[in-house]
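Since the structure comes first, as structure tokens, the remarks are kept for the end.
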Number of protein chains: 2
Amino acid sequence: METNILDPNCPSRLVFQRIGDKWATLVIQVLEDGPQRFSDLRGKVAVITPKVLTHTLRSLERDGLLTRTVFAQVPPRVDYELTPLGRTLLEPLKALRHWAEANVSEMVLARDAFDEAQDAALLASSKGSFE
Amino acid sequence: METNILDPNCPSRLVFQRIGDKWATLVIQVLEDGPQRFSDLRGKVAVITPKVLTHTLRSLERDGLLTRTVFAQVPPRVDYELTPLGRTLLEPLKALRHWAEANVSEMVLARDAFDEAQDAALLASSKGSFE
DNA sequence: CAGCATCCTCTACGATACTG
DNA sequence: CAGTATCGTAGAGGATGCTG
């Protein structure tokens with residue numbers, strides 16, 4: 001079976017959609033060290049609101065990347081844990097994070113330079129417009 | 001310098017934001033084989049509108065991941081090409097794509113199962129509500 | 001050819017408040 | 001503790017048409 005990421009119908013795009021989620025990748029990486037409670041996650045993934053955390057967790061559960069375990073006790077306790085499938089995502093994610101840590105500074109520099117050039121061009125094109 | 005992806009101020013998050021872009025990763029991967037013209041990209045990355053393609057390209061250029069070269073001729077010709085920095089992103093991206101190709105089917109299966117269970121639960125909770 | 005302008009929709013994300 | 005409910009916003013993405 002041919003999987004072509006360029007085909008709009010290719011399910012592989014689902015993965016990039018999930019990775020694209022601002023919070024999903026962070027949650028996954030926090031869960032690397034083992035099961036975590038809702039409040040643990042909420043504390044470690046700064047700064048996420050409970051609504052968004054819930055939504056993120058549900059999506060990841062739906063995709064089979066983590067499990068949700070409810071303990072019948074008071075006060076309630078819910079554990080979230082990566083599934084084997086979820087754990088396999090850790091590797092490529094880590095590669096991405098390492099790239100990020102190594103290269104963001106260069107990216108930010110490029111960004112600043114670009115914006116500056118942009119401003120200069122804008123200023124030049126409007127020179128004399130104030131007087 | 002400490003880079004912590006969990007810190008909301010950590011610039012590393014910028015990378016995940018860029019990766020998260022629905023189109024950016026696709027464009028980068030298409031550019032692996034060398035410079036491409038606007039219309040080339042438009043044709044290969046199905047199905048992207050010119051507006052969105054332009055926006056994506058600009059963002060990537062701003063971040064120093066690709067260069068934009070205008071040829072002064074008629075009809076106009078503009079080439080987009082990955083920078084060395086952009087090319088280094090290819091590796092982690094490929095890792096992600098391979099993960100996707102290998103595991104999406106399992107993800108989709110999990111998703112279907114989850115949705116089915118959800119439906120069943122919903123149906124059960126509303127049993128008798130119609131009569 | 002390589003785009004820009006305009007209008008529109010949809011949803012991710014956030015702030016705040018409340019509950020079993 | 002682990003959420004849900006409600007309201008609100010910004011921006012991503014799309015459809016269509018026009019231009020140097």
Side-chain angles (χ1 to χ4, degrees), chain A residues 6 8-9 13-28 30-31 35-63 66-81 118 121-122 125, chain B residues 6 8-9 13-28 30-31 35-63 66-81 118 121-122 125:
Chain A
L6 297 181
N9 293 347
R13 287 202 178 178
L14 290 180
V15 174
F16 284 86
Q17 230 169 297
R18 185 105 334 288
I19 302 310
D21 186 318
K22 181 176 175 183
W23 301 107
T25 52
L26 301 180
V27 169
I28 291 176
V30 167
L31 283 175
Q36 309 268 336
R37 307 181 58 167
F38 189 87
S39 47
D40 290 337
L41 292 169
R42 203 185 160 182
K44 291 181 184 173
V45 183
V47 184
I48 191 171
T49 62
K51 190 190 89 171
V52 174
L53 180 55
T54 300
H55 175 248
T56 303
L57 257 10
R58 285 274 190 284
S59 302
L60 292 172
E61 187 194 359
R62 184 166 104 103
D63 289 343
L66 57 76
T67 57
R68 177 172 180 272
T69 313
V70 181
F71 296 89
Q73 60 184 50
V74 175
R77 168 193 182 137
V78 180
D79 273 16
Y80 293 91
E81 183 173 14
Q118 204 72 0
L122 232 81
S125 77
Chain B
L6 298 181
N9 293 348
R13 286 201 178 180
L14 290 180
V15 174
F16 284 86
Q17 230 169 296
R18 184 106 334 289
I19 302 310
D21 187 318
K22 180 177 175 184
W23 302 107
T25 52
L26 301 180
V27 169
I28 291 175
V30 167
L31 284 176
Q36 310 267 334
R37 306 180 56 167
F38 189 87
S39 46
D40 290 338
L41 292 168
R42 204 186 158 179
K44 292 182 183 172
V45 182
V47 185
I48 191 171
T49 62
K51 190 191 90 173
V52 175
L53 180 55
T54 300
H55 177 248
T56 303
L57 256 10
R58 285 275 190 285
S59 303
L60 293 173
E61 188 194 359
R62 185 165 103 105
D63 288 343
L66 58 76
T67 56
R68 178 173 179 271
T69 312
V70 181
F71 296 89
Q73 61 185 50
V74 176
R77 168 194 181 136
V78 180
D79 274 17
Y80 292 92
E81 183 173 13
Q118 203 71 0
L122 232 80
S125 77

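Lettering follows sequence order; numbering is per chain, from 1.
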- Item | Flag side-chain contact, heavy atom, 4.5 Å: Arg68(A) against Arg58(A) | yes

- Note on the structure: With five pairs defining each end axis, the helix from dC1(C)-dG20(D) to dG20(C)-dC1(D) comes out bent, to 10°, by 60°

- Determine whether Arg62(A) and Gln118(B) make a side-chain contact, defined as any pair of heavy atoms from C-beta on separated by less than 4.5 Å. no

- Message: Could you tell me if the side chain of Thr69(B) sits less than 4.5 Å from the side chain of Tyr80(B), heavy atoms only?
- Response: no

- Query: Distance from Gln36(A) atom CD to Leu41(A) atom CG, nearest 0.5 Å?
  - Reply: 5.5 Å

- Query: Just checking Arg42(B): base, sugar-phosphate only, or nothing, at a heavy-atom cut-off of under 4.0 Å?
  - Reply: nothing

- Item | For atom CD of Gln36(B) and atom C1' of dC1(C), their distance in whole Å | 16 Å

- Query: Between residues 54-63 of chain A and DNA chain C, which residues have a heavy-atom gap below 4.0 Å?
  - Reply: His55(A)

- Between NE2 of His55(A) and CD1 of Ile48(A), what distance do you get to the nearest 0.5 Å? 10.5 Å

- Task: Verify the contact: side-chain N or O of Arg37(B) to OP1 or OP2 of dG3(C), cut-off strictly under 4.0 Å; return yes or no.
- Result: no

- By nearest-nucleotide position on DNA chain C, the 5'-leaning member of Pro50(A) and Val47(A) is Val47(A)

- Query: With side chains defined as the heavy atoms from C-beta onward, is the minimum distance between Trp23(A) and Leu53(A) less than 4.5 Å?
  - Reply: no

- Query: Measuring from Leu26(B):CG to Lys44(B):NZ, what's the distance to the nearest 0.5 Å?
  - Reply: 13.5 Å

- Item | Boundaries of the DNA chain D segment in contact with chain A, non-hydrogen, under 4.0 Å | dC1(D) to dC7(D)

- Query: How long is the line joining NZ of Lys22(A) and P of dA12(C), in whole Å?
  - Reply: 13 Å

- Task: Check whether any side-chain heavy atom of Asp63(B) lies under 4.5 Å from a side-chain heavy atom of Glu61(B), and answer yes or no.
- Result: no

- Message: How many whole angstroms separate atom NZ of Lys51(A) from atom P of dA12(C)?
- Response: 10 Å

- Query: Nearest 0.5 Å, what's the CZ-CG distance between Arg18(B) and Leu60(B)?
  - Reply: 5.5 Å

- Task: Take Arg77(A) and Asp79(A) through the test salt bridge (charged side-chain N to carboxylate O under 4.0 Å, His left out) and record every step on the way to the result.
- Result: CA-CA 7 Å; Arg77(A) 168 193 182 137; Asp79(A) 273 16; 3.2 Å; yes

- Item | Per Pro76(A) side chain, nearest of listed nucleotides dC1(C), dG20(C), dG14(C) | dG20(C)

- Task: Please state how far atom CZ in Phe71(B) lies from atom C1' in dA2(C), giving the value in whole angstrom units.
- Result: 14 Å

- Less than 4.5 Å apart, any side-chain heavy atom of Leu31(B) and any of Ile28(B)? no

- Provide, to the nearest angstrom, the distance between the CG atom belonging to Leu41(B) and the P atom belonging to dC1(C). 14 Å

- Phe16(B) atom CZ is separated from dA12(C) atom P, nearest whole Å, by 19 Å

